[in-house]
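Presented below is the structure to which this report refers.
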Number of protein chains: 2
Amino acid sequence: MRPTVHDIAAVAGVSLATVDRVLNQRPGVRLVTREKVEAAIREIGYIRDVAAANLAKGRVYPLVFIVPTGDNSFMHGLRFEVHQATLRASIERTDIRIVEVPAFDVPALVAALDALQGQDIAGVALVATDAPEVRAAVDRLVSERIPVVTLVSDLSDSNRHHYAGIDNIAAGRTAARLLGRFLGGREGEITVLAGSMLVRDHRERLQGFSAVMAAEFPKLRLLPVLEGRDASERTRSLVSKALSENTEIIGIYNLGAGNRGLIAALKAVRPERGLTVVVHELTQHTRAALIDGTIDAVLNQDAGHEVRSAIRVMKATADGQAVIADQERIRLDIFLKDNLP
Amino acid sequence: MRPTVHDIAAVAGVSLATVDRVLNQRPGVRLVTREKVEAAIREIGYIRDVAAANLAKGRVYPLVFIVPTGDNSFMHGLRFEVHQATLRASIERTDIRIVEVPAFDVPALVAALDALQGQDIAGVALVATDAPEVRAAVDRLVSERIPVVTLVSDLSDSNRHHYAGIDNIAAGRTAARLLGRFLGGREGEITVLAGSMLVRDHRERLQGFSAVMAAEFPKLRLLPVLEGRDASERTRSLVSKALSENTEIIGIYNLGAGNRGLIAALKAVRPERGLTVVVHELTQHTRAALIDGTIDAVLNQDAGHEVRSAIRVMKATADGQAVIADQERIRLDIFLKDNLP
DNA sequence: CGATTTCTGATGTACGTAAATCAAAAATTT
DNA sequence: AAATTTTTGATTTACGTACATCAGAAATCG
């Protein structure tokens, strides 16, 4: 049988109350006694039964998710996953509140963060816009001992406790290699589409993409980035214009959202053009386009995993427990038409 | 607050004892009363607090993992992950026993399975060799109401409750497309290496690979499969021989183990040969080969995920609970040199 | 109808931990 | 050494569920 608090008490030669004081860092224990108890804990290899502890505590974790509004499929999916998490709230002892903030709107995000100060909150998860004001607001929360986790897009130089998202530099590099290898030594130009260079995830993807392109595929020339603001219609017109004006384009990398528009623009050109296309985020549209050959590869981050990981990390941080970094690593999924889920 | 058994009792107008009898399917409840209770459960949306229930029950799950011996990295990793799971045993209330059986040895596997009959076991996970005798032995356990999960390699037409592994047909198809696209329209021959056609995962990978190759890359001709028995030295000599005898080979797909031997053989030929290579299983050897360019892509299944998933499924099945299929889907990881973890 | 069987209620203990109270002991100060 | 403060012990209740026991009620049988 696994050891219990009673065993600690017996081994340490102290009472249950003292063991409890040590375990829960309550005051009123002399240093020597504390050390005796801690030695006993190590000796018998005691591990707190978290289930029993939570039961006794009746603890709930009030969590806040700050997510951008916007009608693109990815953010829609993200909000859906947070909502799914609220359905598991009673089982997981969480109490999740969703706060929506306009995308790329720094003051709104800061206001939403500041509104949380002083509240009884066990953790905050936010899709960060990478600005100094946001960093400052996050740091204010952190200094109030509120666990903060960035979701999908990280925040530079902040004290956030954790980032629940993919390695976007690696994602960009991977996109470059897929595109470069799929083009098999051909020569031509590559169009890169982004949502906004204000968010760190897009900047990092571009950075990784450019680096590998420059280093390993010198025959492929990158055109200036088109910013589609993650909006489909804008993306469609940008792509249509680019394709009609420049016949040298043989590859496209969309590192942001707005795939619906991209796909529409692609379907409007003759398939003989032989474009190779790599995009981010698996949605019903990109899935269909992958199957019908309009798109060649989709890089994906699983929003459900990210949300669940963020919740685990916030809970663990709130309890002062360590997180197992390896377990919380969000992986980059690569989908070809053959391995769709 | 979430509803408890007391709430059920109050709403149904019965005692706690009766609620308990209904919840745990104990005898001695009239049909009408039972229905009253069940109606109340639905009405208030009661969900059993599994943590509290397990605490009260003091339940442990005796589980058995049957894994092949063999020194290849993947099986080594799999055994390691099962061992890791034993370290979490007390937390997860599992009691895991590992049984090792020679690889591809049908009678030994059957004997190991039959030895479990009549024992007090909450679940069995096995890396299946796909043979009728094994299927029969598995079905015997299933008919004894013991949950059985196949791990990594599935068992045809058996009554096993679940398969914790990747879709190997999809894996083979994906490998074909990667290899085909990376070769960018070149013409030549492709060598396929396998461990043994006795295991279903290898057969399925080959099936998927061949299908896509035939349908979409007609310029690439498949050579007869080389069976390396998942042994490195054998694989090395087979590959060396093939490469020296046939200068038309431009691509290699290793769908089994034995990558150490393959890599050694590849390093022995001049890099100018320009081979494109896709293999399975990320190990320290394949990782290094990916980084130095000897290998172009690695398909991987995360043994840790598979083991943890198998445990969750066995526990749920033992408790008569449904498994969330989507959550237990094991994904195929694709690694290029840019997205290594 | 009474006797028997079947069902239901009331109650208590247990699981491992948290948290509180109050008394007692030990250490520290005066 | 007495007074004070700090530390420790003993005990109790609670969390939500499981499980057992025994008495009493309701249903069924003869």
Side-chain angles (χ1 to χ4, degrees), chain A residues 1-41 44-61 89-95 315 318-321, chain B residues 1-41 44-61 89-93 315 318-321:
Chain A
M1 274 322 272
R2 79 190 262 198
T4 74
V5 283
H6 295 86
D7 300 320
I8 304 176
V11 170
V14 300
S15 75
L16 257 184
T18 301
V19 173
D20 181 68
R21 288 177 186 119
V22 173
L23 279 176
N24 296 291
Q25 300 161 83
R26 274 182 261 278
V29 184
R30 262 189 310 164
L31 186 61
V32 278
T33 316
R34 178 178 298 277
E35 282 169 350
K36 232 174 19 179
V37 173
E38 281 165 352
I41 290 174
I44 64 177
Y46 170 81
I47 302 164
R48 183 197 246 103
D49 183 327
V50 191
N54 283 337
L55 178 61
K57 273 199 284 231
R59 186 169 188 0
V60 292
Y61 300 82
S90 69
I91 298 172
E92 298 178 345
R93 300 180 178 280
T94 55
D95 175 17
K315 288 169 79 170
D319 289 344
Q321 294 189 319
Chain B
M1 271 325 271
R2 80 188 262 196
T4 73
V5 282
H6 295 85
D7 301 318
I8 303 175
V11 171
V14 300
S15 75
L16 258 184
T18 302
V19 173
D20 181 68
R21 287 176 187 121
V22 173
L23 278 176
N24 296 292
Q25 302 162 82
R26 274 183 260 279
V29 185
R30 259 188 313 164
L31 187 60
V32 279
T33 315
R34 176 178 299 275
E35 281 169 350
K36 242 186 352 189
V37 173
E38 281 165 352
I41 291 174
I44 64 177
Y46 169 82
I47 303 165
R48 183 198 246 104
D49 183 327
V50 190
N54 283 337
L55 178 62
K57 275 200 282 229
R59 186 169 189 358
V60 293
Y61 300 82
S90 70
I91 298 171
E92 298 180 346
R93 301 180 176 280
K315 286 169 80 171
D319 288 343
Q321 293 189 319

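When reading the values below, keep in mind they use all heavy atoms of this one structure, side chains included, and skip hydrogens, waters and symmetry mates.
- Looking at every heavy atom in both residues, Arg48(A) comes nearest to Ala53(A) through CD-CB, 4.1 Å.
- The separation between Ile41(A) atom CD1 and dT17(C) atom P is 11 Å, rounded to whole Å.
- Listed pair Arg48(A) / dA18(C) meets the phosphate criterion, a side-chain N or O lying under 4.0 Å from OP1 or OP2.
- Between Gly58(B) and Leu16(B), the residue anchored closer to the 5' end of DNA chain C is Leu16(B), taking for each the nucleotide with the nearest heavy atom.
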Run the side-chain contact (heavy atoms from CB on, under 4.5 Å) check on Val60(A) and Thr94(A) step by step: do they pass?
-> CA-CA 5 Å; Val60(A) 292; Thr94(A) 55; over 6 Å; no
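- Of the side-chain N and O atoms in Arg30(B), one or more sit less than 4.0 angstrom from OP1 or OP2 of dA27(D).
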What do the steps show when you test Asp49(A) against Arg93(B) for salt bridge (Lys or Arg N to Asp or Glu O under 4.0 Å), and what is the final call?
-> CA-CA 10 Å; Asp49(A) 183 327; Arg93(B) 301 180 176 280; 3.1 Å; yes
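- A donor N or O paired with an acceptor N or O is found under 3.5 Å between the base of dG9(C) and the side-chain atoms of Arg21(B).
- Comparing Asp20(A) and Lys57(B) by the nucleotide of DNA chain C whose heavy atom lies nearest to each, the residue mapping closer to the 5' end is Lys57(B).
- We find that CD of Gln25(B) is positioned 16 Å from P of dC7(C), with the value rounded to whole Å.
- In this entry the distance linking CZ of Arg26(A) with P of dG9(D) reads 15 Å, nearest Å.
- The shortest distance between the side-chain N/O atoms of Ser15(A) and the OP1/OP2 oxygens of dA10(D) is not below 4.0 Å.
- If you take CD1 of Ile47(A) and C1' of dG16(C), they are 14 Å apart, rounded to a whole angstrom.
- Checked against dT17(D), dA19(C), dC15(D), the side chain of Ala52(B) finds its nearest nucleotide in dT17(D).
- Counting to the nearest Å, the C1' atom of dG16(C) and the CG atom of Asn24(A) are 12 Å from each other.
- Ile44(B) places its CD1 atom 13 Å from the C1' atom of dG16(D), with the value rounded to the nearest Å.
- Taking atom CG of Asp49(A) as the reference point, atom P of dA14(C) lies 18 Å away to the nearest angstrom.
- The side chain of Ala17(B) lies closest to dG9(C), out of dG9(D), dG9(C), dG16(C).
- Cation-pi contact between Arg59(B) and Tyr61(B): present, with separation from the ring centre below 6.0 Å and deviation from the ring axis of at most 45°.
- Nearest to the side-chain atoms of Thr4(B) among the listed nucleotides dG16(D), dA18(C), dG9(C) stands dG16(D).
- Lys57(A) and Asp319(A) are not joined by a salt bridge, as no carboxylate oxygen comes within less than 4.0 angstrom of a charged side-chain nitrogen.
- Contacts of Val50(B) with the nucleic acid, taken as non-hydrogen atoms under 4.0 Å apart, are absent.
- We find that CG of Leu55(A) is positioned 9 Å from C1' of dA14(D), with the value rounded to whole Å.
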